[in-house]
Chemist: 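There's a structure below that I have some questions on.
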There are 2 protein chains.
Amino acid sequence: MIGSDTEALRASALAVDLRAVVGKLKRRSREQAPLGDLTESQISVLVRLERDGPATVSALARAEAMRPQSMGANIAALTAAGLVSGAPHPTDGRQTVLSLTDACRSWIMSSREARQDWLVRTIKAQLDPAEIDQLASAIGLLRRLADS
Amino acid sequence: MIGSDTEALRASALAVDLRAVVGKLKRRSREQAPLGDLTESQISVLVRLERDGPATVSALARAEAMRPQSMGANIAALTAAGLVSGAPHPTDGRQTVLSLTDACRSWIMSSREARQDWLVRTIKAQLDPAEIDQLASAIGLLRRLADS
DNA sequence: TATTGTTATACTCTATAACTATA
DNA sequence: TATAGTTATAGAGTATAACAATA
């Protein structure tokens, strides 16, 4: 029973540290106005659309663990900024399929080259290649937690 | 130059994934109403006070990368809930030193036993001991990013 | 009846600005 | 003048509730 007690303590300590560092990262990242004047959520949406291709508001909301109404607000902002455009689904009239605009794609590439993202800059400045690998594999674990 | 290009791409991809998973974790964790009806920030404060001992509002704000006014609001909520109490600093009349109340300490212990924390439960359910160790060491890397 | 999406509204968390009090 | 803390206000982000349109 000592073993499982130790395990329980480890999980508890991990939760404590994880919560603290996640909150802190979020505040730090937001205050730096990462890219353009987009929010973290909006950037995540763009990245997801770029990586996984077109999707609907509902699908994006599910993927990001967000309510469709909240995702709708993010999509509206991205659409107003000309970064995302919607087209009616060919067979299902309820759905609107969202894609990145060409302007968005070129903007993403140029902002990557310009290294405007605080998080990217900080990762490069603070972490060596081995640590980046280590963190990258830990991201998979975090994703398991977030998706559970 | 190919090497540094690959590095840059890795950092960029890591930033992308990190941002997405941090946001998702934050939403998931909040929607579960983790402990009592405290917010994530308030929990972080309690944990910090428990681990590092009494502190002032300003010190806590610096430690959590938050404005003193924002931290003040969190402290006010914790004080109203009877979880934190303030005492005047013995020599510096401007400062108020904050400590956990006895009620808070016993509440922390009981809620730990009851395993009410979604994040703790999820870590135990989703991660094996080796993975918990892996994630724990990655937390150190995240903290470097957040503190930089 | 279920699902997609929208509109309206409210709440939570944090930030900025302006102030008082002590050092 | 600088620092600790408070109060007032505003903004961003997300949630709940109610609705229209399509399946």
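Note that the structure is predicted; figures quoted are calculated from it, not measured.
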Chemist: Salt bridge (Lys or Arg N to Asp or Glu O under 4.0 Å) with B:Arg51: which residues, sequence neighbours excluded?
Modeler: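 Partners of B:Arg51 under the salt bridge (Lys or Arg N to Asp or Glu O under 4.0 Å) test: A:Asp17.
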
Chemist: Assign each of B:Val57 and A:Arg94 to its nearest nucleotide of DNA chain D by heavy atoms, then name whichever residue's nucleotide is nearer the 5' end.
Modeler: B:Val57

Chemist: Roughly how many Å is it from CG in A:Leu98 to P in C:dT4, rounded to a whole number?
Modeler: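 Spelled out: CG on A:Leu98 to P on C:dT4 is 13 Å.
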
Chemist: Counting just side-chain N and O atoms, does B:Thr96 come under 4.0 Å of either OP1 or OP2 of D:dA4?
Modeler: no

Chemist: What's the NZ-P distance between A:Lys26 and C:dT14, to the nearest Å?
Modeler: 10 Å

Chemist: Without decimals, in angstroms, what is the distance between A:Glu40 CD and C:dT14 C1'?
Modeler: 14 Å

Chemist: Cluster question for you: counting only ILVMFWY and a side-chain heavy-atom cut-off of under 4.5 Å, with indirect links fine, are B:Val120 and B:Trp107 together?
Modeler: no

Chemist: Can you identify which nucleotide, out of C:dG5, D:dG13, D:dA23, has its nearest atom closest to the A:Gln95 side chain?
Modeler: C:dG5

Chemist: Are A:Lys124 and B:Glu7 ion-paired here, with the side-chain N under 4.0 Å from a carboxylate O?
Modeler: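 No, no charged N to carboxylate O under 4.0 Å.
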
Chemist: So, is B:Arg27 near the phosphate of D:dT14, with a side-chain N or O under 4.0 Å from OP1 or OP2?
Modeler: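 Yes, such a contact exists.
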
Chemist: Judged by each residue's nearest nucleotide on DNA chain C, which is more toward the 5′ side, A:Val97 or A:Gly23?
Modeler: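 That would be A:Val97.
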
Chemist: So that I can tick it off, tell me whether B:Glu40 and A:Lys26 are bridged by a salt bridge, with the cut-off set at under 4.0 angstrom between side-chain N and carboxylate O.
Modeler: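 Salt bridge absent between A:Lys26 and B:Glu40.
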
Chemist: Between the main-chain N or O of B:Thr96 and the side-chain N or O of B:Thr56, is there a donor-acceptor pair closer than 3.5 Å?
Modeler: no

Chemist: With no hydrogens and no angle check, just 3.5 Å: does a side-chain donor-acceptor pair link A:Ser41 and A:Glu64?
Modeler: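 Absent: no donor and acceptor within the cut-off.
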
Chemist: Between A:Thr39 and D:dA12, does any side-chain N or O lie under 4.0 Å from OP1 or OP2?
Modeler: no

Chemist: Expected output is a numbered-order residue list: members of residues 58-90 of chain B with a heavy atom under 4.0 Å from any atom of DNA chain D. What is it?
Modeler: B:Ser58, B:Gln69

Chemist: Could you state the atom-to-atom distance from CD of B:Glu31 to C1' of D:dA15 in whole Å?
Modeler: 10 Å

